[in-house]
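Encoded as structure tokens, the structure appears first; notes follow it.
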Amino acid sequence: MLKQFRSNIILKLCFYIFLLNIISMGTLYSSLHKGGECEYQLFYKQIIMIIVSWIILAFFSFINYRIYYRVAIFLYIITTILLIFVDFFGKTVMGAQRWLSFWGFSFQPSEFAKISAIFILAKFFSLPKKNDFLKIAITFILLGMNMILIFKQPDLGTATIILLLFLFVGFFSQIKKRYFILLIFALIAVTPFVWNILHEYQKKRLIVFLNPNLDPLGAGYTIIQSRIAIGSGKLFGKGFLSGTQNQFNFLPERHTDFIFTVIAEEWGFFGCLVLILLYWLILEKIINVALLLKDYFAFILTLGISVLIFLHIIINIGMTCGIFPVVGLPLLFISYGGSHLFVTYFLFGVFFNICRQHIL
Amino acid sequence: MDATFIKRIYLTSFLIIAVVLFYYQILRGDYFEKRALNNYVRVVPISSIRGNIFDRNGVLLAQDSPSFNIAVVPYQIRWIKETLFEEIAKFLGYDKNLLDRNYKRNFRNFFTPVDIVINLDKKTAIELKEKFKNNILINVQPIRYYPYPYEISHIIGYVKEAENVFDDIKKYGYSPKERVGVLGVEQYYNRYIAGEDGGYLIEVNAKGEIVGFLGERKPKRGKDIVLTIDCKIQKIASELLSQQRGTIVLMDANTGEILALVSSPSFDLNSFVTSKNVSKFLNDKNKPILNRAIQATYPPGSTFKPIVALAALSENIIFPKTTFICKKIFSIGGYNFHCLSYHEDENLYEAMLHSCNIYFYNVGLKLGVDKIVKFAKKFMFDNITKVDLPYEKEGYLPHNIRYSKNWFVGDTLNLSIGQGMIEVTPLRLLVSINAISNGGYIVRPHILKAIAGKQESLSTNVYLGFSNDVLRILKKSLIGVIENKEGTAYLLSKLNLKIAGKTGTAQTKTKAHGWFVGFFPHNKPKYSICVLLEEVGSSFEAVKLSYYFLKELLDKNLLDITN
């Protein structure tokens, strides 16, 4: 029965992800569509990246997840070195230094930081020692170093995600809660100092988030236009390739971070619900598996994966609706781009291996 | 904390997202739909071409010519606005503030082009375009151009963009730039000249680039109009008046067609179109914008005497041979009233050509104030002439109440020589005196001759019903003013134009205004003329000016006199 459940869950998840692939391609086609012609190059590139992602997923589903317990610290060190590298040699894209180029490929080390953060959390929280304070202190210092490096790039979104990941996973692990509560208070206390070291454009984004009409042509523009796009979709949307906000180019970054607006505009409330439902089904399945796990390392790993996916989705959709500040996170599975796809599919590979190992 | 709890957190978060989406897409969907529509559907106004204005001989007085404006799309230049403006200002040698001001004034929304530089010549506009490429657009708009910006200002008026009028629709992207005529025939006949603005309904993208075409309304060209003005005469009059304050009006005595109407000082119409250097005209204490022929009133002075004489003759109070003795001083009620000299025995003809005050004091006393006012009213002194120009002012006469309570006999004496409680516009006086020339008809003075090639007849006559004998006597007396050696306008007899008329010296608190009003040829009147000069001290200045004016018309063969 368990075996059936396992293969069933893997099959179901693969099916959901496949559905998301279809939605992604359709939406990308529409958002890259301009004046009757699609920018096929980017579109095809994305298809190739999806295929590569599936290969990554398949490959890592055969790698024993216990290996990450051993390489967690090594991975962390590599990531940290890469992050420091970005500081010196990184490619500057849109005012942020996030990219490293190797052999013609660009990638963002901050994406690896998410993976290493999950591994670090899983490893340290599942250590047999009983000293909770030390566990929290060590993980917080390790992740904090990465956060600061990422924050400096500046990539406020990923830094925030890692912080939230730490707090969420910590809260739902068996670590004593009081340390976390202390930590949260401490974080609140240092908030004003963080505000001072924020970049001008980040401050602006946060202010504009509170009132987009302050700067309708500058920082508030994206929020205003994306809200218009979402709202004007109404119940069933304007139809495929018919979103005026999308097709007439009123939405910036609509094939990357703001791709949700394209779905909302062209498929309406109904389409949005389908997408959210798919995400919910995926997360629910992951949590269901997590609850069955007896290996504490695997549990934290699974929890971390689900939290990471959850945070990405909520923050991305939230920011396009204007309920969160614009922080520059992709919509998982849907947005254009390789890095986040590879990371997500890799994590699913890890998760599938956990399923294979445990639910037998 | 139980890990199942995390499921609830996920679910709640997704539900919150769903609620937010429900709010935006279902509850406020219509609102955002409208906003999306406003984003991409634009009305691009196309200004209509205004009709041309010609004089009676087909000389062009006003036309639309292309103006090359430089426009920017706010959204497109939002990051580079400051530097772009600086560079453009530097290139043109303008002040950057001017560009900022224009930008602010013309801004409608982020995607509609905004004019920042107005009225460049074609060459400069193209140079700019080559330098700044796609950051700027050349926006060709019609602009009003007046070949005679000074000579004919008060008749033509000018054209400006009526932005304030349309302030309420500005935010919808409709044309707030409809041009309307201000003053003159541009205003009075705006509805014929203006035509109808058109526009394209288009779809645009975020750069303001056209991506679709929804519809078009073609602008309708305005109608050409032809004026009764003779530009050559107008120019001569304008030149003669250029150093003085005053007005010259030349009118067809029978039809009321105005051939020339000059008010001086004048203003530059083209400056008003481009709103450049207008303050010097607006702040000038000599009031150049005032049309002295129809918007300023003056005491008629002695030019009122023909009306008094006509009243007395009609009422049989005097006869042509009736004489009064003038001893230079006329005493009544302890006050002394003066004449210019000792005229001794004077009949009507003599009194008129000498412009003897004492004769008319006597006549006025015999007539009484009521009769004088009654006849002045008959001649419509307190009415507008209904000339086809905006903002005509009416003159005034003693009002019932005014002369019943605080009216003294001295006031009657003053009134009978056209002083005191009486003021008229020069055009009004011209039209009233003209009635003596044409057999007692008050004509409607007018400026419009044809609209779009179709003759318009604005000539209407009001018959005053005076007996021909009276009119003949009066006309004879007015002929004497010019033809008699002692006449106050004897100078004009040199022209051999058979002029009849009357001079007037209107006393004011400062220097007197000089009048001459008359018509010619007196046997078969064709032209009627009125000259008023402000504060020149004596009527002789007006006579002199009339002489030079008519002489030049004669020399240049501009008068149509065949007898």
Side-chain angles (χ1 to χ4, degrees), chain A residues 34-35 168-169 171-174 177 216-218 221 224-225 227-238 243-245 247-252 264-265 268-270 272-273 276-277 279-280 283-284 286-288 290-291 293 299 302-303 306-307 309-311 313-314 317-318 321-323, chain B residues 1-42 72-81 103 107 109-111 114 202-212 214:
Chain A
K34 234 182 236 161
F168 265 73
V169 171
F171 239 86
F172 292 102
S173 65
Q174 285 158 4
K177 302 289 177 286
L217 257 199
Y221 176 78
I224 291 173
Q225 293 298 344
R227 256 193 220 170
I228 291 174
I230 293 169
S232 63
K234 297 170 94 176
L235 186 56
F236 291 111
K238 298 173 185 169
T244 54
Q245 290 287 96
Q247 297 298 330
F248 295 153
N249 215 357
F250 288 100
L251 298 168
E265 189 186 18
F269 184 58
F270 181 74
C272 292
L273 283 190
I276 292 173
L277 185 71
Y279 281 137
W280 162 244
L283 285 174
E284 195 218 7
I286 297 175
I287 294 296
N288 283 346
L291 291 174
L293 293 174
F299 170 73
T302 314
L303 189 66
S306 85
V307 167
I309 294 167
F310 167 75
L311 289 175
I313 293 161
I314 290 293
I317 297 179
C321 295
I323 52 177
Chain B
M1 223 175 282
D2 196 315
T4 48
F5 187 66
I6 205 162
K7 245 169 129 176
R8 276 184 225 154
I9 290 182
Y10 290 175
L11 188 61
T12 317
S13 306
F14 281 128
L15 284 177
I16 289 170
I17 293 283
V19 168
V20 169
L21 289 172
F22 182 80
Y23 171 74
Y24 281 134
Q25 300 190 291
I26 310 298
L27 296 183
R28 303 202 63 197
D30 291 332
Y31 164 77
F32 283 112
E33 193 177 30
K34 209 194 267 168
R35 287 197 59 178
L37 195 73
N38 284 345
N39 254 355
Y40 74 91
V41 176
R42 291 255 170 296
V72 291
V73 177
Y75 180 69
Q76 192 194 342
I77 59 145
R78 65 199 189 284
W79 307 120
I80 54 165
K81 185 177 151 236
Y103 179 83
F107 180 89
N109 57 46
F110 301 124
F111 306 106
V114 178
I202 53 164
E203 290 178 327
V204 295
N205 64 15
K207 280 185 185 161
E209 294 163 344
I210 299 174
V211 291
L214 300 174

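Protein chains get the first letters and strands the later ones, always in sequence-line order, with residue 1 at the start of each.
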By a 4.5 Å heavy-atom criterion (distance strictly below it), what part of [X] contacts chain B: side chain, backbone, both, or neither?
{"X": "A/Leu273", "result": "side chain"}
{"X": "A/Phe310", "result": "side chain"}
{"X": "A/Ala290", "result": "neither"}
{"X": "A/Ile313", "result": "side chain"}

Would you name the heavy atoms of [X] and [Y] that are closest together and state the gap between them?
{"X": "A/Cys321", "Y": "B/Val20", "answer": "CB-CG1, 4.0 Å"}
{"X": "B/Ile17", "Y": "A/Ile317", "answer": "CG2-CG2, 3.5 Å"}
{"X": "A/Ser232", "Y": "A/Lys238", "answer": "OG-NZ, 2.9 Å"}
{"X": "A/Ile228", "Y": "B/Phe32", "answer": "CA-CD2, 3.5 Å"}

On the 0 to 90° scale, with breaks at 30° and 60°, tag the A/Tyr279-B/Phe14 ring pair as parallel, tilted or perpendicular. parallel

Chain B: which of A/Gly233, A/Gly318, A/Ser306 shares the most heavy-atom pairs with it under 4.5 Å? A/Ser306

With chain A, the option among B/Leu11, B/Ile26, B/Ile9 that has the most non-hydrogen atom pairs under 4.5 Å is B/Leu11

If you count heavy-atom pairs under 4.5 Å between each of B/Phe22, B/Tyr24, B/Tyr10 and chain A, which one has the most? B/Tyr10

Worked check of side chain to side chain contact (heavy atoms under 4.5 Å, CB included) between A/Phe236 and B/Gln25: CA-CA 9 Å; A/Phe236 291 111; B/Gln25 300 190 291; over 6 Å; no

